[in-house]
Amino acid sequence: MSENNSMKNKWVKTLVYATVTLLPWIVILVVMNDLEKRNEASDYIKIVNYEKKEYLAPVDHGEFEELQKEFKTPMEVTEACVSCHNKRHSEIMANAHWTWDRERIRENGDTIRSGKKNVINNFCIATNTNTWKCTSCHIGFGYKDKDYDFSDYTKVDCMACHDMTGAYEKEPLGSGFPVDEKQAYSDKTYFPPNYNYIAANVGNPTTENCGKCHFFGGGGDNVKHGDLSSDLNHPDKKMDVHMDVGEDGNDMTCVDCHKTENHEMLGKLYSLSSSDEGRLSCTECHEGDVHQNKILNRHNNRIACQTCHIPEYAKGVPTKMVWDWSTSGRVKADGKAIKEYDSLGNVTYKSAKGSFEWATHVKPEYVWFNGTGENMVYGDIIKDTTQVLKINELYGHHDDPKAQIIPVKTHRGSQIFDPVNNMLIVPHVYGKDSTAYGVGFDWNLASKVGMEEAGLPYSGQYSFIDTEMYWPLNHMVSPIEDALQCADCHAREGRLASLDEFYMPGRNYSSLLDLIGILAIFGALGGVIIHGGIRLFKRK
Amino acid sequence: MKKRTYIYRSFERFWHWTQSLLIILLALTGFEIHSTYALFGYERAVMIHDVLAWSYILLIIFTIFWHFATGAWKQYIPTTELVKAQFQYYISGIFSGAEHPTRKTSYNKFNPIQRLTYLAFKVLIIPIMVGTGIIYMYYMYPESVVHVGRLEFFALIHTFGAFLLIVFLIVHLYLLTTNDDPVESLAAMVTGWEEVDVDPDEEHKTHMQYAVDKSIAGYYRLDLDGNYIDVNRAWLDLYKCSDINKILGQHYSITRSKEHLKETEELVARVMKGESIRGIPSIRKCFDGSKGKHILSINPTYEDDKIIGVEGFVIDISDISGVQEQIYHSVRNSDAGYYRINLEGFFEEVNDAWVELYKYNSQKQVIGKHYSLTRKKKDVQDLTDTFNKVLNGEKVPSQLVNRKCKDGTYGKHILSINAVYEDTKIVGMEGFILDITNLDIKKENA
């Protein structure tokens with residue numbers, strides 16, 4: 001063959017060898033590179049059904065004659081509102097913000113009304129005899145005790161939600177009334193509101209309006225929820241990607257998601273309200289295949305959005321993690337109450353309340369949840385007093401196809417119960433009288449008064465039971481870059497370590513199979529080394 | 001006998017290396033998904049694993065098609081024969097330098113244990129890995145067709161398969177070293193060519209059969225009574241015969257016109273007595289009544305030293321330019337020489353007649369040498385051009401050429417060339433030559 005041809009042949013051959021051996025590597029490297037790029041492009045977020053709204057009233061209320069007159073009481077303001085916005089009061093009076101309970105069907109089929117009126121928690125335990133204090137967060141005036149007249153529309157507090165001035169505040173211990181003269185509570189002084197000024201400046205509720213109660217449940221900032229704190233009044237992106245008030249922030253308010261029609265709002269929390277209706281979910285706005293990565297989209301089948309996108313809560317103000325009532329009653333030698341703080345200024349002990357633990361940047365706990373749950377109400381029997389009592393329950397299990405894994409704040413406590421009647425006690429904890437536990441430090445007396453008010457039996461004996469309360473987390477959604485990564489859960493000791501009733505790649509394995517596999521690999525290696533060694537040796 | 005043989009075809013090599021890369025990367029990402037280590041990052045590992053898995057499935061589809069299209073699947077038919085011998089070789093014989101109990105040929109390139117292992121690999125491990133892998137991807141979605149309630153069972157099988165594949169890889173790589181030349185064997189998986197043992201008789205038979213089947217030289221065989229018992233494709237073409245059944249069983253006289261029959265009868269009679277006619281011109285009568293010229297060899301066929309018929313080759317010279325009438329008439333005592341040349345132009349095989357014609361003492365002096373050895377310098381280019389045409393798949397008519405013999409003398413012959421195929425791939429050339437050196441042109445003319 002001529003030189004030319006053999007050269008040509010050599011080239012052809014080299015090309016074939018390269019195709020046969022190198023092409024697969026090149027193709028696969030290119031594909032892997034492409035994957036990387038597609039991954040980077042996944043920051044695009046598709047939003048449906050959402051439009052940023054302005055909440056300023058379309059009219060200047062200050063020009064209405066009705067609002068020019070001098071208001072002496074807040075009820076007069078309400079009457080002025082209703083004189084134009086007639087019928088609106090009946091909407092709000094049907095709402096749980098007013099009724100403090102809702103109708104629901106229990107697991108045993110009973111239909112009951114339950115809500116703040118009768119649900120037991122493991123913070124301040126129950127409203128019961130402490131109503132007058134708790135109702136500083138009722139959207140009414142004068143809800144002092146169970147005899148309150150829920151049909152009196154003049155008692156509806158429109159300003160609590162519609163005040164745009166930020167100046168309207170209710171008295172902490174005023175049964176829902178604002179102060180009528182200047183008054184100081186611990187480090188804060190309350191002034192009587194300028195009703196005319198407020199009435200002239202009303203509008204749709206802002207985050208601050210909602211936050212006045214919802215951020216301060218449990219008597220302080222972020223005490224209860226963990227994912228609802230005053231941080232949300234002016235959050236940055238890291239705090240809450242939706243409410244971010246930064247330059248390119250979404251600047252959303254509560255009612256942008258909690259859409260309201262006829263004063264009925266979307267969304268409620270299972271710590272208190274356990275019926276699977278009127279729920280609000282991420283899919284209202286984030287619909288369909290929200291991730292570029294198909295596998296992530298498929299996760300939504302069993303994993304709620306919140307699970308990955310709320311990697312931690314209480315990102316600013318600390319939240320209460322533990323409330324142990326059983327340690328309460330310790331006083332100084334002179335009989336005065338004790339108050340102790342941790343290094344961050346959080347109260348860790350109060351004679352009248354017991355011990356507290358606080359935390360920030362808390363990793364949620366994770367549970368299966370199918371949309372149904374249960375809350376303990378006054379008089380419910382404790383089935384097993386030797387176990388930690390779940391004061392509310394979120395139902396769901398891996399084998400329940402409706403159930404998803406959701407993140408929760410678990411608030412752990414120890415609280416008083418009647419070991420004879422196996423019933424949680426709703427004690428009289430606040431008050432100025434000596435029967436209130438906070439004054440007399442007498443559990444027996446406080447229990448007697450509290451149970452009598454609730455119309456429940458009390459055996460005269462009390463003890464403390466460890467309880468857990470589950471608070472599903474829905475707020476303080478983090479930006480994409482802070483969302484959980486695969487290996488946060490797909491790891492031998494990951495976040496879902498406790499949900500062990502199913503096989504999860506990366507977490508589960510058979511130690512026996514792995515042992516067999518490793519032995520097989522080392523067996524093969526050892527085998528070839530020995531075999532090869534003998535061959536080498538024999539060759540010599 | 002060692003022979004450089006084209007043993008792994010292009011797709012086979014492409015498939016092997018792609019598969020090896022896929023399996024190694026699948027294992028690397030797979031064990032990251034298993035949380036054995038962190039390498040790519042979990043999300044990337046899963047993405048890569050999935051893409052590789054689909055690539056592998058695609059490759060498998062092509063490969064299945066290839067196996068059936070080429071008949072390569074037959075390499076994997078398990079055999080119990082020599083399994084024990086192969087085992088004994090691995091566990092004892094290999095240490096004492098015993099011979100491999102089985103030989104690698106392009107027709108049978110796997111030993112019995114390889115056959116079994118590769119078969120298990122293909123029909124058991126890989127399908128199970130693919131099956132459990134697909135379940136892994138889709139198991140939890142009730143709307144999916146592969147929905148299963150619990151992943152655990154399938155996940156553990158998948159893990160077990162992964163361990164098996166690693167063991168396979170280790171042993172597979174080690175057993176490479178049991179070849180006589182591991183580097184050569186590894187290179188063979190790149191180039192496709194490997195020095196393998198061949199059984200010379202087997203090789204020869206296979207090749208001669210192949211040569212006869214594919215040659216442009218016609219081949220025929222007659223029984224004692226002069227009836228055709230075999231002809232090849234080229235023979236049928238030369239005689240313009242459309243159906244082999246029209247000639248088998250017929251007497252040779254129907255292939256000659258009356259005036260030429262006597263001459264042929266004499267030749268046949270001579271050969272029946274034991275003589276060999278190495279090349280003689282003849283005029284055939286074709287089935288369509290037309291006539292053609294060819295050079296013919298005739299030699300007796302034997303069984304147990306008894307002549308049972310005659311056979312020979314015919315090479316058409318009707319269209320050879322430069323072959324004069326007188327030359328045609330004076331070809332004498334030629335025999336069909338056979339040669340085969342590989343892609344690089346080196347002789348792979350020649351027969352005794354070839355050796356004799358070129359005045360060599362034995363085949364050994366020729367095999368492995370380049371064909372340019374057999375030509376005058378100025379004639380080499382002509383032959384190269386012809387060979388290149390053949391290598392490009394063209395059909396080349398028989399040619400009149402001058403050969404250079406070992407002793408420096410020259411001879412003339414007519415040669416046929418055709419490509420040698422393995423499946424659809426050209427791997428060399430071969431043909432027959434009929435000598436015309438000793439013809440005495442003037443005498444023939446007279």
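Residue numbers start from 1 in every chain, and the chains themselves are labelled A, B, ... in the order their sequence lines are given, proteins ahead of strands.
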For the residue pair A:P505 and B:Y136, establish whether any side-chain heavy-atom pair is separated by less than 4.5 Å.
yes
Please flag which part of B:L169 lies under 4.5 Å from any non-hydrogen atom of chain A: side chain, backbone, both or neither.
neither
Working to the nearest 0.5 Å, report the span between CG of B:D50 and NZ of A:K294.
10.5 Å
Part of B:L59 lying under 4.5 Å from any heavy atom of chain A:
neither
So for A:E501, is it side chain, backbone, both, or neither that comes closer than 4.5 Å to the heavy atoms of chain B?
backbone
Any side-chain heavy atom of B:T159 within less than 4.5 Å of one from A:D514?
yes
Bottom line for B:I33: the part with an atom under 4.5 Å from chain A's heavy atoms is both
Can you confirm whether A:R492 sits close enough to B:H34 that some side-chain heavy atom of one is under 4.5 Å from a side-chain heavy atom of the other?
yes
Mind ranking B:I91, B:T178, B:L383 by heavy-atom pairs under 4.5 Å with chain A and telling me who comes out on top?
B:T178
Taking atom CD of B:E184 as the centre, report whether more than 12 heavy atoms of other residues, nucleotides or ligands fall under 6.0 Å from it.
yes
Where do B:F163 and A:L513 come nearest, in terms of heavy atoms and distance?
CE1-O, 3.9 Å
Apply side-chain contact (heavy atoms from CB on, under 4.5 Å) to the pair B:L156 and A:Y503, showing each step before the final yes or no.
CA-CA 10 Å; B:L156 294 184; A:Y503 184 96; 4.1 Å; yes
Please flag which part of A:L296 lies under 4.5 Å from any non-hydrogen atom of chain B: side chain, backbone, both or neither.
side chain
Can you confirm whether more than 12 heavy atoms, excluding those of B:Y8, are under 6.0 Å from its OH atom?
yes
Toward chain A, the part of B:T177 with a non-hydrogen atom under 4.5 Å:
both
Which bit of B:S55 comes within less than 4.5 Å of chain A, counting heavy atoms only: side chain, backbone, both or neither?
neither
In terms of heavy-atom pairs under 4.5 Å with chain A, which of B:I170, B:V167, B:L21 leads?
B:L21
Testing the basics here: between B:Y174 and A:G532, what is the closest heavy-atom pair and its distance to 0.1 Å?
OH-N, 2.9 Å
Is there a side-chain contact between B:I94 and A:H531 in this structure, where contact means two heavy atoms from C-beta onward sitting under 4.5 Å apart?
yes
Do other residues, nucleotides or ligands put more than 12 heavy atoms under 6.0 Å from the NZ atom of A:K363?
no
Answer whether the closest heavy-atom distance between the side chains of B:E152 and A:N508 falls below 4.5 Å.
no
Would you mind reporting whether B:E43 and A:I295 have side-chain heavy atoms less than 4.5 Å apart?
no
Atom pair OG (B:S35) and NE2 (A:H490), whose distance is rounded to the nearest 0.5 Å
9.0 Å
